[in-house]
**Q** 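Quick one: this structure, given as structure tokens, is what I'll be asking you about.
Values in this document were obtained by computation on a predicted structure and should not be read as measured data. Naming convention: chains lettered A, B, ... in sequence-line order (proteins, then strands); numbering from 1 in each chain.
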Amino acid sequence: MWLKIEKRMSRRLSTRLFNVCIASLCKAHKLEKAESVIIDGIRLGVLPDVVTYNILIDAYCRFIGLDAGYSVLHRMREAGLTPDIISYNSLLAGATRNCLIDRTLDLFDEMIQRGIAPDVWSYNTLMHCFFKHGKPDVANRVFKDIIHGEHSPSRATFNIMMNGLCKNGYTDNALMLFRNLQRHGFVPGLVTYNILVSGLCKIGKLGSARRILKEIGESGHVPNAITYTTILKCFFRKKKFLEGLELLSEMKSKGYTYDGFAYCTVIGALVKIGKVKEAAEYMMDMMKTGIELDMVTYNTLINMYCKTGEFEEAYKLLDEIEKKGLECDRYTHTIMIDGLCKAGNIEGAARHLKYMNMMGFDSNLVALNCFVDGLCKVGQTDDAMKVYKSMEVRDSFTYSSLVHNLCRERRYHSAAKLLLSCLRSGMKILKSAQRAVLLGLRHSGFTGEAKKLKSKIRIARILSH
DNA sequence: TTAGGGTTAG
């Protein structure tokens, strides 16, 4: 009897240890290694349990994709185990992370059909999903349902609500909700504060963000690297570079080691203002720390090399990305195309554009805009117009760039035509582009045309509102 | 097991 219990206990203990090992491998993105440990475990008699599979579902959803996570659910069933609420919540989180609203709803149906009742975590995720999908009204209905329903809301419920409000342009409402909750005894965590700081920074309310920063200190929490990076980014966006760099040294003096996020913020900002030497110093510093580079970090570095004209280095990084098994994203392609255009290498840009299309990024509006602008800058405005005509989607950047460049070539009538089609499609155009056309027409003797154009602009504006 | 910070163009 005792021997049996002891055996069962030691098996349980080894499964627990085994799961800790699987979890740490998964956390380090080492999914293949985790799978081989599972196989070794089975050989030694340690069978994976529901927790093991749940760890795998979460990891596959995070690092590979929802379908990969879902296939682990099948494997779990084949192994004779029944997925539980945690399995489904991980899949829901995976679907939400990828903004797959239909899949999220299907998964909800599936779990209910299988007799697994969604819990507050499931509803939190559903709410987050609607917010990510730009449906704050529906998310709000889910929120009310949680508040008035059978599940008690968790701190995450409120955090997701506040974050969703901020991300959907309702930062003031998020702040109101926050104050209201505080009056009802809600104790905010650092994440709550960071959500508000981020929301306020995004709408440029740096003063209010700093007040929240002060409140963090008063609440007994200590601002972390996320808090600092958020404010740092806001400083840089507002072109307050010196204050930004000061905050950066404060961050360092308080003992925070910069992570990839902080480095990208700083390097990106320095490159933008042309301080590439300083940016390169931060890059060297980052390399020394041994931070594992991800796609965003690579993109930041490639952008830096493109702006300094060191394309060989940029291509080396592209190779490195491939060797690492990472995949270039729309940012990488845009940065390369823009960089090549800016360096006057329009053939290289065209080649990269072809490659990008081949890789399935053919609807990359930003990259096409860069290419259109690049063609104009090397005097191939007619080719730029051809690309423009072939584009399925255009935006204010497309028009502003073409109008400016047409004016540069004194083709004011063509520029006026484009300007009007932009405004008539309900899009805005840079004020400077508008001025360039009107002034150009006037200076080249078409005063009457300029007057007419001004009236047409006014009417187009009224009609598009 | 969810929620907070980083990369592109006129």
**Q** Can you give one letter per nucleotide of nucleotides 5-10 of chain B, going 5' to 3': B for a protein heavy atom under 4.0 Å from the base, S for sugar-phosphate only, - for none?
**A** BBBBBB
**Q** When you look at Asn194(A) and Asn224(A), which way does the side chain to side chain donor-acceptor pair (under 3.5 Å) test go after all the steps?
**A** CA-CA 9 Å; Asn194(A) 282 349; Asn224(A) 63 4; 3.3 Å; yes
**Q** Can you tell whether the side chains of Asp338(A) and Lys307(A) come within less than 4.0 Å, N to carboxylate O?
**A** yes
**Q** For Arg62(A), report the nucleic acid contact type (base, sugar-phosphate, nothing); a contact means any heavy atom under 4.0 Å.
**A** sugar-phosphate
**Q** When you measure from the centre of the six-membered ring of Tyr388(A), is the NZ or CZ of Arg394(A) under 6.0 Å away and within 45° of the axis?
**A** yes
**Q** Could you tabulate the donor-acceptor pairs under 3.5 Å formed by side-chain atoms of residues 428-435 of chain A, not counting sequence neighbours?
**A**
from: Ser432(A); atom 1: OG; to: His404(A); atom 2: NE2; distance (Å): 3.1
from: Gln434(A); atom 1: OE1; to: Arg461(A); atom 2: NH2; distance (Å): 3.1

**Q** Nearest whole Å is fine: how far is dT2(B) P from Leu126(A) CG?
**A** 17 Å
**Q** Let me know the distance between CG of Asn159(A) and C1' of dG4(B), rounded to the nearest Å.
**A** 8 Å
**Q** So what does Leu190(A) hit on the nucleic acid, given a heavy-atom distance under 4.0 Å: a base, only sugar-phosphate, or nothing?
**A** base
**Q** Compare every heavy atom of Pro188(A) with every heavy atom of Gln182(A), then report the nearest pair and how far apart it is.
**A** NE2-CG, 4.0 Å
**Q** Among side-chain atoms of Thr300(A) and Asn303(A), is any donor-acceptor pair under 3.5 angstrom?
**A** no
